[in-house]
S.K.: 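Below is one structure. I have some questions about it.
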There are 2 protein chains.
Amino acid sequence: MDDYQEHSLGGRVFQKIREDILSGKYQEHDELREAALGKELGVSRTPVREALRQLELEGLVTIIPNRGAYVTGISQKDIWDIYSLRSLLEGMCARWAVEHITEEQLDEMEEIILLSEFQLKKGSGFSAEQITALDGRFHDVLYEASGSRILSHVLTDFHSYVQPARKSSVISEDRARKSIREHKQILRAIRDRDAEMAEQLANEHILHVMQNLKKQGYQTD
Amino acid sequence: MDDYQEHSLGGRVFQKIREDILSGKYQEHDELREAALGKELGVSRTPVREALRQLELEGLVTIIPNRGAYVTGISQKDIWDIYSLRSLLEGMCARWAVEHITEEQLDEMEEIILLSEFQLKKGSGFSAEQITALDGRFHDVLYEASGSRILSHVLTDFHSYVQPARKSSVISEDRARKSIREHKQILRAIRDRDAEMAEQLANEHILHVMQNLKKQGYQTD
DNA sequence: ACATGCATTAATGTATACAATCATACGAGA
DNA sequence: TCTCGTATGATTGTATACATTAATGCATGT
């Protein structure tokens, strides 16, 4: 699937439009005309149509037959809902990972944490971009480690949805430090095969992220 | 979206192939050739391609660039995972519904329960088809009532995934009776605005379905 | 006999052409 | 003036044609 998204025009068009919707370039109720998009991206209507059909399935676009495609986008409430659900699901994920994680995955998560701490130790010159990327990788590995295609799929989708929101929100150094500490605790619980603890920690980890969002004046309802 | 799936060729092709995968007509690793599918369905490759791209996004098909589309399907473990996650999410759904449900939705769920009991009272001549359809409608309304696009979307997807599995598994009259009783309890809790109770009941409702599956020798790991 | 390279073939990837549908504007009639 | 019908333009829906890529088989050389 990654190969496909990488190499085919349709896949790239899909990613591009998706990003443009999530980043806010295209806004709610904007009409997405196939010909216009194709011209802008330098491709024909065919790949654009494929992309729009995929986006509709994802719920980011609404297609009215013989009329057109309209941006649905995701609201702040949607993002808040996603975090609420992630809190539950990441807990379940950590619980399942206790039974399914491999040594390689444990090592990879360990390494990601070390890299994160290294980034952080740079002091005020640390790259927020790098930190969020590492955070993303940590969660991705955890998703894989659950041993469940289904759960991994849902969580990966959710994660990509809120990615732009995270980028736009300033990540405080304080929050980054605490986040990494929480990652370490989660990893420790999984290593110790303590399912109960792993679930609770992963659960609370997301709740803490939500508290942080709230503090920054994020719409919660 | 329903209009789209209904009226356009691409939408119908998508639904058809999706059903054929979920029902087992196309099995794991089967190759889905665009031309062959188009010929079989009496359409050109274009709508078939759109459908395959959508199915890939859903995880039911894997596309290897310049090679072809292969059925991924869903395993018994996948279905089991879905029920596990549904247990969590339906709980959350019922909790949220307590705050967002409308009078109309309450009435509709009430009516669905009455119709279900009517079907059941027919005795041994009751239609399992009808019962499962009503069960589906009950849950759909509940999903809507959560007031969350995101949650509703995920649960609807999950529900459609396990639908074929439910059809193939014999629904015992005993289980149907208990299921309707549980629906009544859930509805009662929501009416009473008892979020805690609603969540717990919805949660357990799915767990009971899982126990029933297990009793029928369903693979759980 | 086996490996390698090229030609052939069949599939997908993309673009374009044609058909069907919908929105808009204009004009005729009440 | 208002309404309804029609014509026109624009957009989507579908089919087909062309380009590109990958697999297969055969021939050739070692």
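Lettering follows sequence order; numbering is per chain, from 1.
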S.K.: Can you name the nearest heavy-atom pair linking A:Arg53 to A:Glu34, along with the distance?
M.R.: NH1-OE2, 4.2 Å

S.K.: Over all strands shown, is B:Leu32 touching base, sugar-phosphate only, or nothing at heavy-atom distances under 4.0 angstrom?
M.R.: sugar-phosphate

S.K.: Could I get the full list of salt bridge (Lys or Arg N to Asp or Glu O under 4.0 Å) partners for A:Glu31, not counting sequence neighbours?
M.R.: A:Arg33

S.K.: From CG of B:Leu41 over to P of D:dT14, roughly how many Å is that when rounded to an integer?
M.R.: 13 Å

S.K.: Could you state the atom-to-atom distance from CD1 of A:Ile64 to C1' of C:dC22 in whole Å?
M.R.: 12 Å

S.K.: If you check the B:Arg33 side chain, which of C:dG13, C:dT21, C:dA11 turns out closest?
M.R.: C:dA11

S.K.: For residues 89-98 of chain A, which side-chain N or O atoms pair as donor and acceptor with protein atoms under 3.5 Å away, sequence neighbours left out?
M.R.:
from, atom 1, to, atom 2, distance (Å)
A:Glu90, OE1, A:His139, ND1, 3.0
A:Glu90, OE2, A:Arg86, NE, 3.1
A:Glu90, OE2, A:Arg86, NH2, 3.0
A:Glu90, OE2, A:Tyr143, OH, 2.4
A:Arg95, NE, A:Glu199, OE1, 2.4
A:Arg95, NH2, A:Glu196, OE1, 3.3
A:Arg95, NH2, A:Glu196, OE2, 3.3
A:Arg95, NH2, A:Glu199, OE1, 2.7

S.K.: Output the rounded distance in Å from CG (B:Leu37) to C1' (C:dT12).
M.R.: 13 Å

S.K.: Reckon A:Arg67 has a side-chain N or O less than 4.0 Å from the OP1 or OP2 of C:dC22?
M.R.: no

S.K.: Nearest whole angstrom, please: distance from the P of D:dT11 to the CD of A:Glu31.
M.R.: 8 Å

S.K.: Separation of B:Asn66 atom CG from C:dT12 atom P, in whole Å?
M.R.: 10 Å

S.K.: Report the distance from atom NZ of B:Lys39 to atom P of C:dA11, rounded to the nearest whole Å.
M.R.: 11 Å

S.K.: Could you give the CD1-to-P distance, from A:Ile63 to D:dT11, as a whole number of Å?
M.R.: 16 Å

S.K.: Calculate, to the nearest 0.5 Å, the distance between atoms CZ and CD belonging to B:Arg12 and B:Gln15 respectively.
M.R.: 9.5 Å

S.K.: Out of curiosity, A:Lys184 NZ to A:Leu187 CG, how far, rounded to the nearest 0.5 Å?
M.R.: 10.0 Å

S.K.: Strictly under 3.5 Å: I want the nitrogen or oxygen pairs between protein and nucleotides 14-19 of chain C, one per line.
M.R.:
from, atom 1, to, atom 2, distance (Å)
C:dT14, OP1, A:Leu9, N, 2.7
C:dA15, OP2, A:Ser44, N, 2.8
C:dA15, OP2, A:Ser44, OG, 3.0
C:dA15, N7, A:Thr46, OG1, 2.7
C:dT16, O4, A:Thr46, OG1, 3.4

S.K.: What's the separation between atom CG in A:Leu41 and atom CD1 in A:Ile17, rounded to the nearest 0.5 Å?
M.R.: 6.0 Å

